[in-house]
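Working notes for the structure below.
We count residues from 1, following the sequence as given. Scope of the values below: all heavy atoms of this structure, side chains included, with no hydrogens, waters or symmetry mates. As the structure lists them, so they are numbered: ligands from 1, and atoms in each ligand from 1.
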Amino acid sequence: MDHSLILLKKIVQEAASAASPEKQMRYIVSAVRSAMQVSVCTLYTANEEGGLTLAATDGLDPTAIGNVSLFPGEGLVGNIARNSHPLNLETAEEHPDYRYFPETHEERYQAFLGVPLVHLRRLIGVLVVQESQRRKFTADEEAFLVTIAAQLAATLALDRGRTPREPGTHDAPQTQRMIGTKGAPGIGIGTIHLLTGYDLDQVVDRECRDSESELQKFHAALQESRRDLEQGSRSLADHLPGNVTSIFSVYDMLLDSDDLIKGVETGIRQGNWAPGALRTTISEYAARFESMDDPYLRARAEDIRHIGNKLYTKLHGETTPISQSQDLILTGDMISITDIAGYKRDQLAGIFCYSGSGLSHTAILASALGIPAVMGTGKVKNLQQGVPAIVDGHQGQLILNPAGGVLAEFQQLANRERNLIEELEELKELPAITPDGYRVSLQANTGLMADVTPGLKRGAEGIGLYRSEIPFMEHENFPTEEEQLEIYRYVLHAYAGKSVTIRTLDIGGDKALPYYRFSEANPCLGWRGIRFTLDNRPIFMTQIRAMLRASEKERNLKILLPMVSRVDELDAFNILLDDACAQLHVEGYQIEKPPVGIMVEVPAAVNLLPFFARRIDFVSIGSNDLTQYLLALDRNNPRVSQLFDNLHPAVLREIYRIVQLCRQLELPVSLCGEMAADPLAAVLLLGMRIETLSMSAYSLTKIKWLIRTLPVAVAEQALQDALTMEHESQIRELIKQILIKNHLEELAG
Ligand code: PEP
Ligand code: MG
């Protein structure tokens, strides 16, 4: 057991890169057996009946694989699973739970050590090692097996999201589930359309004597790529209500960047051929971004690699043929926005990227086009063209070869979603008023230009949250006052006569600017929101001036401040606002001081509400961050995502307290986190008689249907009952039953 740490790492890494679940399990048992120098290593995996099946062994009779199953709790292995605790036995036979299976011929083995494999509270299996002689395994051996089991449990459960194949089955295509991140909402059913193209990473260096001709080829490839980009941008613009050119301009900028062009030219002049020089430049350039801490900047490395592959494909003088089929799920390591632009919108059922994140431009564009997308599952090996698949953008999962039942279920879900959204279209002009007369204002959350019009089309009564950091993220540097003015004016004008709540720059945490980097150990507790803007007054002043000037004509602006946790932050902001108003008056602008509100999303703000009250005009509850900070749960961490629930009793009670406090203080209150779009949560918010709910355009009509169907009196009673409950699951069940009883079962989830 020397060098156990190195061994452990090697086993975990190799298991993670196995080509199939069977190979992975076979590798695990043989690697553990040889690392621990034992006679037998066996892996049992949890089966659907709640028992365990012998899935792989190195040392027992291999015919036992798939043929030995234990009932829940049966035998030593069942004991380990039940107690979630290792068993280290000198002589297995002497334990009262010992069971003998003739298929395994295991009577020869006495020493027994078994450990449970548990991931995110779920039993994945049991890993056992055995020896012929009587002996107790040492503490070091036990620690090694426990440690490796903890890591392998995650690999077996989550590795590329694949469900381990039932042992003994080999022929029929298996349903496989890949867990990734949510790219764009919706359910897409179709077939895998692999975009292979050329992989620049595979290019090797090659000596070249005619550097002039290589330089020419490179510049021709640049030219052609620019032309493709322009065409793609034009073809997609037809499908988008707003302006998406800012996304394309990032690619444009990369194609024009000195770092790229000069880097490749230098490589060629030093004697490399164009593809070799391109590979070196792109990988250095991308590596700089990949090593950065913040997710937004890391996502830019993706754009750089897209551009590299695109240029390489052009250097080859060939392009990937464009399919004419329908229901395509564009699939690849990285799908670029130009890849998407190569297809007609109605050919595309979904997008599936092995790499990438929800913050990538691909994801932003997919959302704007209404194409469900799943990103970041990790590489899927041996994936074939034309394999049936489901992109579930709501859950961030991709299902390959869905079995009949699964397919039918998703088909139904997708149809229901489409029909519901179509049917609910007719509600868009009607007010969100309950049958017993309580009126709620339903507004839209936005930030992308392309997102402004869908909100209006779906009957939004205003913008409840304009996330101004999104246009900041789309720029290459801090946007100037004039650039911001144009953006805000566009939004305020689009919603003329309706209120538009623009939130001041909320960067930090998981939202970073590509051109202003800082690294923090605890970014969510660091330089975020108003803390950042108050410390960077020129940036803040520019933004406030741009907002005020943009509101001159329509006068429908409200300013919202993020992450407020202190009274002096508000005082400092008010001084800035007064200053900005005074400056603009002197400059001749006819502006009015707009209403100012705060996001209540840091728990400290709740207790300070009585002090804030005379300084502000309204409150907007940021349930995403409030939940994160109240429960001390990272909102973006998949390991704890199951615990992140806006209906956690502590969150529910806190939101109720905020609404009541606001009422006492006569402050209008709205809620603009994701919670507003969850029908179960919306029932309880209605029960609190909240005045305004703001959500993505996608959810507006569903929530309006709920409000127009459910009497507020019923919602109030539901809230009172929910407040007596100890667990979010009880609360969810209660509200589900209420929705079903009130003919809203489509919303019960
Ligand atoms: C929130 O925290 O609930 C919110 C709406 O803001 P964001 O998600 O942009 O942090
Ligand atoms: Mg927030």
Within a distance under 4.0 Å of any heavy atom of [X], pick out the atoms of ligand 1 and give their elements.
X      : answer
Leu465 : 5 (C)
Gly673 : 3 (O), 5 (C)
Met599 : 4 (C), 5 (C), 6 (O)

- Message: Considering Asn445, Asp625, Ile470, Leu560 one by one, which has a heavy atom nearer to atom 10 (O) of ligand 1 than any of the others?
- Response: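 Closest candidate by heavy-atom distance is Asp625.
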- Item | atom 6 (O) of ligand 1: the protein heavy-atom neighbour that sits closest, reported with distance to 0.1 Å | Arg503 NH1, 2.9 Å
- Can you find a non-hydrogen atom of Glu674 under 4.0 Å from ligand 1?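 No.
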- Task: Check whether any heavy atom of Gln628 sits under 4.0 Å from an atom of ligand 1.
- Result: no
- List the steps, then state whether side-chain contact (heavy atoms from CB on, under 4.5 Å) holds for Met695 with Leu442. CA-CA 8 Å; Met695 64 202 74; Leu442 291 188; 4.0 Å; yes
- Task: Any chance you could measure Phe540, atom CZ, to Leu576, atom CG, to the nearest 0.5 Å?
- Result: 6.5 Å
- May I ask you to decide if Leu430's main-chain N or O and Lys704's side chain share a donor-acceptor pair within less than 3.5 Å?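 Flag set: sc Lys704 to bb Leu430 pair under 3.5 Å.
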- Query: Taking the inter-plane angle between the rings of Tyr516 and Trp527 on a 0 to 90° scale, is it parallel (under 30°), tilted (30 to 60°) or perpendicular (over 60°)?
  - Reply: tilted
- Message: Below 30° counts as parallel, above 60° as perpendicular, anything between as tilted: where do the rings of Tyr488 and Tyr466 land?
- Response: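 Aromatic pair Tyr488/Tyr466 classed perpendicular.
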- Item | Side-chain donor-acceptor contact under 3.5 Å, Asn646 with Thr627 |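 Present: a donor and an acceptor within the cut-off.
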- For ligand 1, indicate whether the residue Leu626 contacts it via side chain, backbone, both or neither (heavy-atom separation under 4.0 Å). neither
- Backbone, side chain, both or neither: what part of Met675 comes under 4.0 angstrom of ligand 1, heavy atoms only? neither
- Would you check if the Mg ion (ligand 2) lies under 2.8 Å from any N, O or S atom of Glu601?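 Short answer: yes, at least one N, O or S atom is under the cut-off.
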